[in-house]
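A short worksheet on the structure shown next.
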Amino acid sequence: MIKVCKFGGTSMADANAIRQVKSIIDSDSSRKFIVVSAPGKRFKNDIKITDTLYRCYDEVVECGSCAKSFAIIRERFVEIVKDLGIDLDIESILDQTENQINEIKSAGFSASRGEYLSAIVVSAFLGVEFVDAAEIIRFDSHGKLNVDYTDDKVSSRLANSERAVIPGFYGKNFQGDIMTFSRGGSDITGSIIAHGVKADLYENWTDVSGFLVCDPRLVENPKVINQITYKEVRELSYMGASVLHAEAIAPVMRKKIPINIKNTFKPEDKGTMIVPNDQYKPDANDSVITGIAGKKDFTVLLIEKSMMNSEVGFIRRVLSVVEHYDICVEHLPSGIDTLSVVVESSQLKEGVLTDLVNEIRENVKPDYVHVIENISLIATVGHGMARRTGTAATLFTALANANINIKMIDQGSSELNIIIGVNNSDYEKCINAIYNAFIK
Ligand code: ADP
Ligand code: ASP
Ligand code: MG
């Protein structure tokens, strides 16, 4: 039995958390490969090490040295090493890291050092070999993971290792530069390692007792999801359930390795099992919906033209205008005479929105284009929806009762997900209304 364990930022935040990690590892000899994040927040308004490291990079660019921000990094790591009582010359390692950040002048390199230092400390504390992610995780020149090369490297390097501690979040490109995944990317590293060592289980240790039905910062005490499929997690993570990075499913999916989300601070809790469809065990207590997630700040371009459906190439022409502005489309719900193009508002930098709308007007001669801003998208996800009728009715009745105006509806043909658009100001109210309508 081989388990890969990834520990997130709160599990690395201070010496007490790291002691807790050690007791988890020591309690199960199959926990052989340990992937760690950079120290995260110790309390509500604390700053994550990764954020301070991005600040270090900005400081190097602004004034040639990261001395001011790096002092914060130094203090955190020196304190952790002292509190853990490990025999490690952390000051020399920190001196070298500070010099490298100043010399290399790269945001990715700087940000990666949180995971690097974290892994050095944990490896010394556990007495387990350190394997640098730069050796085994490879990106191409566009910053995309090179899956084949990485798979080979991970499995050949770790085949020689009984146990190892590996930093999450980063790797190297073929030119030798350190690059990172997007934020929260240590989850992806854990998944890649699990695939590479053919793990039986990928344990993802965090600060909540599993994947919850919705974000606990929006709904009070949401229920834990006992079991969920890869596909449902993809939908929820992509739509904002930040407990697991949306790209962390793909590597383990190839070998059908289940993921167990666990709480470092309540290791006795079962957490959530994330499994492929064919490993899902239906339960009489399963709710129709599995989870709810959402993201704020979208813009909807509602394009109306009568007889649009009979105009060959209409959608293609709209999309080629959007593509011309290098904008990704999030959703594309359509009616007989209407097409809504939903995009993240952050992509519409100053002036772009006006130009985009004008170009759509010129190219497809619509009856009108209506711009709706400050929209939140909320996804209600559940494989149970396909089997049971009335889910949409329950959802829309709940929103009507809560006086929430629905601006857009999009249901994928997989019947796994109903996405609605509401005003940003209704975001929290909407998630709470859906939760209360479905979860007893
Ligand atoms: P880590 O540093 O361990 O990777 P993250 O902060 O990335 O932890 O993810 C855990 C956090 O995700 C939780 O503390 C919670 O606030 C947030 N979160 C958002 N949506 C969900 C959800 N559906 N279930 C659980 N946690 C969620
Ligand atoms: N430390 C990185 C971040 O804060 C990666 C991670 O925690 O997964 O985004
Ligand atoms: Mg995370």
Side-chain angles (χ1 to χ4, degrees), residues 5-13 17 20-21 24 35-44 46-55 73 76 107-108 110-119 133 137 166-171 179-192 202-226 228 232-248 259 261-266 269 271-272 274 289-295 378-382 428 431 434-435 439:
C5 305
K6 177 259 170 176
F7 291 91
T10 22
S11 312
M12 288 292 133
Q20 185 65 25
V21 168
I24 290 167
V35 174
V36 296
S37 283
K41 293 185 182 187
R42 293 159 291 183
F43 43 85
K44 194 159 182 270
D46 199 10
I47 301 172
K48 290 182 174 182
I49 285 287
T50 308
D51 290 317
T52 310
L53 285 164
Y54 277 117
R55 181 72 214 119
I73 308 283
R76 288 269 311 257
S110 191
S112 74
R113 294 304 90 182
E115 274 64 18
Y116 173 82
L117 293 166
S118 210
I137 308 271
I166 304 143
F169 191 39
Y170 72 92
M179 303 187 82
T180 66
F181 293 107
S182 56
R183 295 302 302 265
S186 300
D187 291 332
I188 311 173
T189 311
S191 185
I192 293 170
Y202 170 25
E203 288 181 338
N204 189 293
W205 293 84
T206 182
D207 60 353
V208 280
S209 289
F211 213 111
L212 308 173
V213 173
C214 41
D215 190 331
R217 293 163 296 188
L218 301 174
V219 172
E220 217 184 305
N221 245 330
K223 269 196 176 172
V224 176
I225 303 168
N226 296 325
I228 182 169
E232 290 171 312
V233 167
R234 279 276 303 156
E235 302 273 353
L236 289 167
S237 300
Y238 181 76
M239 283 299 290
S242 53
V243 59
L244 190 75
H245 195 294
E247 289 163 38
I259 307 175
I261 307 278
K262 296 273 288 176
N263 189 342
T264 300
F265 308 96
K266 288 187 182 170
D269 287 355
T272 302
I274 305 173
I289 66 153
T290 309
I292 309 154
K295 290 199 274 195
I378 294 164
T380 303
V381 173
E428 290 196 38
I431 292 191
I434 301 173
Y435 183 83
I439 307 296

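What you see is a predicted model, and the numbers here were worked out from it, not measured in a lab. One-based numbering, in listed order, for ligands and for the atoms of each. What you see below is based on every heavy atom in this structure, not just the backbone, and it leaves out hydrogens, waters and symmetry mates.
Counted by atom type alone, His245 and Ser186 present zero donor-acceptor pairs between their side chains at under 3.5 Å. Donor-acceptor pairing under 3.5 Å is recorded for the side chains of Asn204 and Asp187. Using modelled atom types and a 3.5 Å distance limit, the side chains of Gln20 and Thr264 yield no donor-acceptor pair.
Closest approach of Ile378 and Met239 over heavy atoms only: N-CE, 4.3 Å. Scanning both residues, Pro167 and Val35, for their nearest heavy atoms gives C-CG1, 4.5 Å. Annotation for Ile261 and Val243: closest pair CG2-CG2, 4.3 Å, computed over non-hydrogen atoms. Here the closest heavy-atom approach between residue Tyr435 and residue Val219 is recorded as CD2-CG1, 3.8 Å.
Heavy atoms of Gly168 stay at 4.0 angstrom or farther from ligand 2. Proximity of Ser37 to ligand 1 is not established, as no heavy-atom distance is less than 4.0 Å. Within the structure, the closest approach of Gly8 to ligand 2 does not fall below 4.0 Å when heavy atoms are considered.
Which parts of ligand 1 touch Gly9 is read off a 4.0 Å heavy-atom cut-off, strictly below it: atoms 1 (P), 2 (O), 3 (O). Ligand-side atoms of ligand 1 in range of Gly8: 1 (P), 2 (O), 3 (O), 4 (O), range being under 4.0 angstrom from any heavy atom. If you number the atoms of ligand 1 from 1 as listed, the ones under 4.0 Å from a heavy atom of Gly210 come out as 25 (C). Near Ser37, with a cut-off below 4.0 Å to any heavy atom, the atoms of ligand 2 are 6 (C), 7 (O), 8 (O).
If you check which protein heavy atom lies closest to atom 16 (O) of ligand 1, you get Arg217 NE, 3.4 Å. For atom 26 (N) of ligand 1, the closest non-hydrogen atom of the protein is Val243 CB, 3.5 Å. The single protein non-hydrogen atom nearest to atom 2 (C) of ligand 2 is Glu115 OE2, 3.4 Å, given as residue, atom name and distance. Nearest protein neighbour of atom 6 (C) of ligand 2, counting heavy atoms only, is Ser186 OG, 3.4 Å. With hydrogens left out, the protein atom closest to atom 7 (O) of ligand 1 is Ser242 O, 3.6 Å, a heavy atom. Scanning the protein heavy atoms around atom 3 (C) of ligand 2, the nearest turns out to be Arg183 NE, 3.3 Å.
Counting heavy atoms from C-beta outward, Leu244 and Ile274 have side chains that approach closer than 4.5 Å.
Around atom 27 (C) of ligand 1, the closest heavy atom drawn from Gly291, Ala241, Gly168, Pro216 belongs to Pro216. The option from Leu212, Thr206, Val208 that lies nearest to atom 22 (C) of ligand 1, judged by heavy atoms, is Leu212.
Ligand 2 has no nitrogen or oxygen under 3.5 angstrom from a nitrogen or oxygen of Phe169. By the 3.5 Å distance cut-off applied to N or O atoms, Asp207 is counted among the residues near ligand 1. In terms of polar-atom proximity, defined here as any N/O pair under 3.5 Å, Lys6 does make such a contact with ligand 1.
Asp51 has no carboxylate O lying under 4.0 Å from a charged side-chain N of Lys41, or vice versa, which leaves the two without a salt bridge. In summary, Lys262 and Asp269 do not engage in a salt bridge, as defined by a charged side-chain N under 4.0 Å from a carboxylate O.
Among Ile434, Ile439, Ile431, the one residue that satisfies the side chain to side chain contact (heavy atoms under 4.5 Å, CB included) test with Cys214 is Ile431.
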